[in-house]
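Bear in mind that the values here come from a model prediction, so they are computed numbers and not experimental data.
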Amino acid sequence: MRLIAWNCRGLGNGPAVRGLLDVQKEDPDVLFLSETKHDTRWMEWFRWKLNMKNMVVKNSVRASGGLALFWKKEVDLKVLSLSKYHIDAIIKEADGCCWRFTGFYGESRSEEKDRSWEQLRLLKNQSRLSWLCCGDFNEILFNCEEGGAIRPEGNMLKFREVLAECDLHDLGFVGDAFTWRNHHHNLSSYTRERLERAVANSAWRARFPLVRVINGDPRHSDHRPIIVETGDK
């Protein structure tokens with residue numbers, strides 16, 4: 001199975017639409033989008049254009065935020081919950097085994113990041129299934145994941161702590177080490193960070209030992225899509 005999580009940075013212009021249709025060429029079974037900046041009615045067009053008839057949307061607020069989850073008709077997926085930070089679902093495999101997928105989008109503002117981590121803790125306590133979680137966490141784990149100025153340790157420490165509490169482990173990646181960049185032309189302010197990642201608990205990692213994570217082509221966005229190949233085919 002192939003899952004993609006992407007901060008598409010809005011879908012209201014031609015380059016954004018072309019970028020999303022190009023990501024669809026990666027043939028994902030499940031596609032999670034953050035920062036859609038649109039509501040369900042507007043996203044209906046993409047459901048048919050992407051040929052992924054199943055869709056759940058968390059509407060944006062005044063053209064800010066917004067999440068969407070698409071999946072192929074062949075995928076047995078049931079959405080459990082959603083918020084401004086996540087869409088949580090159960091996927092049932094052909095052999096009857098069920099596991100959990102959460103598309104996640106973290107707060108970008110430092111003073112609000114604790115809300116993101118509290119949401120992760122709540123999600124962890126809602127199920128004992130094997131669990132894959134991926135998306136734009138809007139935080140890095142270590143300063144080596146940033147190609148700019150050294151940042152304070154506090155926020156990174158809180159991110160590491162919540163992942164440990166939730167038994168969520170980074171699945172690594174192939175491709176560019178940085179998933180976001182600000183495209184500033186001034187070298188002194190140019191910043192690159194690894195804000196996107198895929199993490200999973202021990203049970204999920206044991207079930208999918210051949211998992212492969214790819215940091216893909218960003219297209220129009222300044223964020224790279226995270227492509228997760230579970231390795232079960």
Side-chain angles (χ1 to χ4, degrees), residues 1 3-7 29-36 54-61 65-71 75-93 95-142 145 153-173 194-209 211 213 226 228 230 232:
M1 179 176 289
L3 306 94
I4 296 180
W6 188 33
N7 182 333
D29 298 290
V30 179
L31 173 63
F32 171 73
L33 301 177
S34 57
E35 281 200 55
T36 62
N54 299 302
M55 178 187 77
V56 169
V57 172
K58 177 63 176 176
N59 291 344
S60 63
V61 178
L67 308 176
L69 184 70
F70 300 88
W71 64 98
V75 177
D76 189 345
L77 184 150
K78 178 182 178 182
V79 173
L80 299 177
S81 65
L82 68 165
S83 74
K84 66 179 289 188
Y85 302 120
H86 83 285
I87 299 179
D88 188 38
I90 288 180
I91 295 174
K92 186 176 182 180
E93 299 277 3
D95 62 3
C97 178
C98 294
W99 53 274
R100 190 175 176 198
F101 169 72
T102 303
F104 197 81
Y105 177 65
E107 280 281 359
S108 59
R109 294 169 295 182
S110 294
E111 66 274 16
E112 302 289 345
K113 287 182 183 289
D114 285 348
R115 296 185 180 184
S116 302
W117 311 147
E118 185 58 31
Q119 182 66 69
L120 268 183
R121 292 184 179 94
L122 290 172
L123 288 167
K124 186 257 184 182
N125 292 329
Q126 289 171 4
S127 174
R128 295 181 178 275
L129 288 174
S130 53
W131 186 18
L132 169 68
C133 180
C134 59
D136 177 6
F137 290 86
N138 260 314
E139 187 53 84
I140 61 175
L141 288 174
F142 305 98
E145 295 180 341
E153 180 71 16
N155 285 336
M156 295 184 292
L157 177 60
K158 288 182 178 180
F159 188 26
R160 295 197 296 267
E161 288 175 344
V162 72
L163 291 183
E165 287 178 39
C166 296
D167 183 34
L168 290 173
H169 308 270
D170 191 282
L171 295 177
F173 64 90
R194 187 184 175 211
L195 300 181
E196 280 83 1
R197 69 185 69 234
V199 295
N201 67 5
S202 300
W204 196 92
R205 294 168 71 206
R207 175 168 176 80
F208 298 103
V211 62
V213 180
I226 304 302
V228 180
T230 60
D232 56 345

Enquirer: Nearest 0.5 Å please: distance from the OG atom of S202 over to the CG atom of D167.
Expert: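 With rounding to 0.5 Å, OG (S202) is 3.5 Å from CG (D167).
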Enquirer: Could you tell me which non-hydrogen atom of I91 sits nearest to which non-hydrogen atom of F101, and how far apart they are?
Expert: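 Smallest interatomic distance, heavy atoms only, reads CD1-CB, 4.0 Å.
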Enquirer: Taking side chain as C-beta onward, heavy atoms only, is L69 less than 4.5 Å from L31?
Expert: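 They are not in contact (no side-chain heavy atoms under 4.5 Å apart), so the answer is no.
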Enquirer: Answer yes or no: is there a side-chain heavy-atom contact under 4.5 Å between L120 and C133?
Expert: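 L120 reaches C133 side chain to side chain.
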Enquirer: Before you tell me yes or no, could you show the steps for S81 and Q126 under side chain to side chain contact (heavy atoms under 4.5 Å, CB included), namely the whole-Å CA-CA distance, both residues' side-chain angles and the distance that decides it to 0.1 Å?
Expert: CA-CA 10 Å; S81 65; Q126 289 171 4; 4.2 Å; yes
Enquirer: Do L171 and R205 have side chains that approach each other closer than 4.5 Å (heavy atoms only, starting at C-beta)?
Expert: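 Result yes, sub-4.5 Å side-chain heavy-atom pair found.
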Enquirer: If the condition is side chain to side chain contact (heavy atoms under 4.5 Å, CB included), which residues does K124 pass it with, not counting sequence neighbours?
Expert: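 Here the qualifying residues are W131, C166.
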Enquirer: With side-chain hydrogen bond (donor to acceptor under 3.5 Å, both in side chains) as the test, pick out the partner of Y105 among H86, E35, K84.
Expert: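 Considering H86, E35, K84, a side-chain hydrogen bond (donor to acceptor under 3.5 Å, both in side chains) with Y105 is found only for E35.
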Enquirer: Can you name the salt bridge (charged side-chain N to carboxylate O under 4.0 Å, His left out) partners of E196, sequence neighbours left out?
Expert: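 Salt bridge (charged side-chain N to carboxylate O under 4.0 Å, His left out) list for E196, sorted by chain: empty.
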Enquirer: Ignoring hydrogens and geometry, is there a side-chain-to-backbone donor-acceptor pair from K113 to E107 under 3.5 Å?
Expert: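 Yes, K113 side chain to E107 backbone: donor-acceptor pair under 3.5 Å.
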Enquirer: Rounded at 0.5 Å granularity, tell me how far CG in L132 sits from CZ in F104.
Expert: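 Between atom CG of L132 and atom CZ of F104 there are 13.5 Å.
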Enquirer: Passes side chain to side chain contact (heavy atoms under 4.5 Å, CB included), L82 versus V56? Steps please.
Expert: CA-CA 9 Å; L82 68 165; V56 169; 3.9 Å; yes
Enquirer: Pick out which of T102, L67, I4, L3 makes a side chain to side chain contact (heavy atoms under 4.5 Å, CB included) with F32.
Expert: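 In the set T102, L67, I4, L3, the residue that makes a side chain to side chain contact (heavy atoms under 4.5 Å, CB included) with F32 is L67.
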Enquirer: Tell me the closest heavy-atom pair linking G172 and V213, and the distance in Å.
Expert: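 Smallest interatomic distance, heavy atoms only, reads O-CB, 3.3 Å.
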Enquirer: Side chain to side chain contact (heavy atoms under 4.5 Å, CB included) for L141 and R194? Distances and angles first, verdict last.
Expert: CA-CA 9 Å; L141 288 174; R194 187 184 175 211; 5.6 Å; no
Enquirer: Please list, chain by chain and in numerical order, all residues satisfying ring pair (Phe, Tyr, Trp, His ring centres under 6.0 Å) with F159, sequence neighbours excluded.
Expert: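 Only W117, F137 meet the ring pair (Phe, Tyr, Trp, His ring centres under 6.0 Å) criterion with F159.
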Enquirer: Just wondering, do F70 and L33 contact through their side chains at under 4.5 Å, heavy atoms?
Expert: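 In short, these two side chains touch, coming nearer than 4.5 Å.
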Enquirer: Who are the side chain to side chain contact (heavy atoms under 4.5 Å, CB included) partners of S108, not counting sequence neighbours?
Expert: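 Partners of S108 under the side chain to side chain contact (heavy atoms under 4.5 Å, CB included) test: N138.
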Enquirer: Quick one: list whatever passes side chain to side chain contact (heavy atoms under 4.5 Å, CB included) with S60, sequence neighbours left out.
Expert: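 S60 satisfies side chain to side chain contact (heavy atoms under 4.5 Å, CB included) with no other residue.
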Enquirer: Taking D170 for its side chain and R197 for its backbone only, find out whether a donor-acceptor pair lies under 3.5 Å.
Expert: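 Answer holds: no.
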Enquirer: Working note: L122 + Q119, criterion side chain to side chain contact (heavy atoms under 4.5 Å, CB included); need CA distance, chi angles, decisive distance, verdict.
Expert: CA-CA 5 Å; L122 290 172; Q119 182 66 69; 4.3 Å; yes
Enquirer: Distance check, rounded to the nearest 0.5 Å: D29 atom CG versus M1 atom CE?
Expert: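 Separation between the atoms: 5.0 Å.
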Enquirer: Tell me, do R121 and V162 make a side-chain contact under 4.5 Å, heavy atoms counted?
Expert: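 A side-chain contact exists here, since the closest heavy-atom pair is under 4.5 Å.
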Enquirer: Who pairs with D95 by side chain to side chain contact (heavy atoms under 4.5 Å, CB included), at least two apart in sequence or on another chain?
Expert: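 E93, C97, R207.
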Enquirer: Quick one: closest heavy-atom pair of S130 and W99, and the distance?
Expert: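 The answer is OG-CB, 3.2 Å.
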Enquirer: Please answer whether the main-chain N or O of F208 pairs with a side-chain N or O of T230 as donor and acceptor at a distance below 3.5 Å.
Expert: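 Between the backbone of F208 and the side chain of T230 there is no qualifying donor-acceptor contact (under 3.5 Å).
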Enquirer: First locate atom CH2 of W6, then atom CG of D136, and finally report the distance between them rounded to the nearest 0.5 Å.
Expert: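 With rounding to 0.5 Å, CH2 (W6) is 12.5 Å from CG (D136).
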Enquirer: Of all the heavy-atom pairs spanning C134 and A198, show the shortest one and how long it is.
Expert: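 Closest approach of C134 to A198: CB-CA, 3.6 Å.
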Enquirer: Tell me the closest heavy-atom pair linking L123 and R100, and the distance in Å.
Expert: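 The answer is O-NH2, 2.5 Å.
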Enquirer: Is the backbone N or O of V30 less than 3.5 Å from a side-chain atom of N54, with the two atoms forming a donor-acceptor pair by type?
Expert: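 No, because the side chain of N54 does not come within donor-acceptor range (under 3.5 Å) of the backbone of V30.
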Enquirer: Looking at L129 and N201, what are the two nearest heavy atoms and their distance?
Expert: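 Looks like O-ND2, 3.3 Å.
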